[in-house]
Amino acid sequence: MSSIGTGYDLSASQFSPDGRVFQVEYAAKAVESSGSIVAIRCKDGVVIGVEKILSSKLYETSSNQKIYNIDRHVGMGFAGIQADGRKVVGIARDESSDYRQNYGSDVPLKQLANRVASYMHAYTLYSSVRPFGVSAVLASYSEAYGPELYMIEPSGLYWGYRACTAGKAKQAAKTELEKVKASEMTCEEIVKEVARIIYLVHDEIKDKLFELELSWVGKVTNGEHQLVPEDIASEAIRLAKHTLEEDDLDDDD
Amino acid sequence: MAVNLITNGSNTTCSDLSSDWMNSEVMTGTTIMAVEYDDGVVIGADSRTTSGSYVVNRVTDKLTRITDTIYCCRSGSAADTQAIADIVAYSLNFHKMELNEDPLVKTASTIFRDMCYKYRDSLVAGIICAGWDKINGGQVYVIPLGGMCIRQPFTIGGSGSTYIYGFCDANYKQNMSKDECLEFVKNAVALAMSRDGSSGGVIRLAAINKDGIDRTIISGDKIPTFHNG
């Protein structure tokens, strides 16, 4: 990597002469080199898929869950440095239970996203800490607000999305996502889409060992965020692999 | 020689020169009531504030605004309930700005409850929090003395309420219309006012729905009368 930010990139409390905070940009680079995450909001729920790249065959496959429950109705996944991500999950859980303690009801996702983003942003202001190297994806479904999806970048910026992606295959995934007409599809259909897209953009050569983790929250789960049931997930993965093989066959023409 | 002792709450003073009301905390003795109906709530209260046996205010407004669509009925210590209502209104206004939409009745009652429970040893406050929000429509929550909070289809409170439990249980029906609720509350409060020395004055009624509050006042000979014996 060229040292573009020489001298001005040593701490988050410094601007460069052209107005950039390099530490925050480097945090984004950490996200870009990690396993991808894809999330789609459909008409009655949200589905999150995470590409779990395994660095060793010795890992116990189910012990490394990458999508977390924040509250009953909220789920969070992220792309980037795992340890940083776990801290953000802890913060989100604190804020969510704090809201419930003070106001007696489920935290609206907009509020939660705001609070978590403010927290992540705070770490971009001082030289004594470094920014979080994660893009956090928050999803929820409620009768009151319907399905909601937010993504928070390392800088603390966040937006609501119809579909979002982060990680190494971000660009390729984004192109695929733009083609999906999610607002007319149900959760079950979207699970297949998420699986298909992740398998499509996954780099077979560099990251041979990988696992796909899928979770959803929507009307179909009665507003509870949970991992997609084994049978639906494996069917979606089977279909995704099949589509890939078909495409590979076409390539030989 | 007999000593003239006056005890009010935790204060005991000895005085030949002052009456009971000069050393008494100001209480809203009270009858308060709230009923849910399909699109909103109806709330009602009497208008008497007492200090011992002296009527400090005979036209009190015990129906206090928290937001445009959430009101509370206050009973117990006038000072305590005013202070609590002010704090809740402030907190809720702040919350509304963060949320960028109207707060829920449940949120208001949770904040009431937290305060009434935390300071239960210092406060004397019985509060009914009632209003309308777009998620759950009309709701009534009651927060009695110890600081519990429960939602009920209708509820009564204050010293005057003890005299009308039978009337209310016998006359409440589910799915009443707004006008039926208003009649029900008016008659109940009138009955309580005629039997409870700490309740009296005028009947203040209000109906709250998505458009806000609609207040009425029943005074003088318009107050329903029943058997006077």
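Just so we're clear, the structure is a prediction, and the values are computed from it rather than from any experiment. Note on naming: letters A, B, ... go to the chains in the order of the sequence lines (proteins, then strands), and numbering restarts at 1 for each one.
Using modelled atom types and a 3.5 Å distance limit, the side chains of B:Thr60 and B:Thr49 yield a donor-acceptor pair.
Environment of CZ in B:Phe94: sparse, with no more than 12 heavy atoms of neighbouring residues, nucleotides or ligands closer than 6.0 Å.
Between B:Phe184 and B:Phe167, the ring-plane angle classifies as parallel under the 30° and 60° cut-offs.
Contact of B:Ile135 with chain A is made through the side chain alone, with heavy-atom distances under 4.5 Å. Using a 4.5 Å cut-off between heavy atoms, A:Gln101 contacts chain B through its backbone alone, with no side-chain atom that close. Contact annotation for B:Leu104: only side-chain heavy atoms (C-beta onward) come within less than 4.5 Å of a heavy atom of chain A.
Contact tally against chain A (heavy-atom pairs below 4.5 Å) for B:Lys106, B:Glu98, B:His95: the top residue is B:His95.
For A:Gln23 (side chain) and A:Ala12 (main-chain N/O), no donor-acceptor pair under 3.5 Å exists by modelled atom type.
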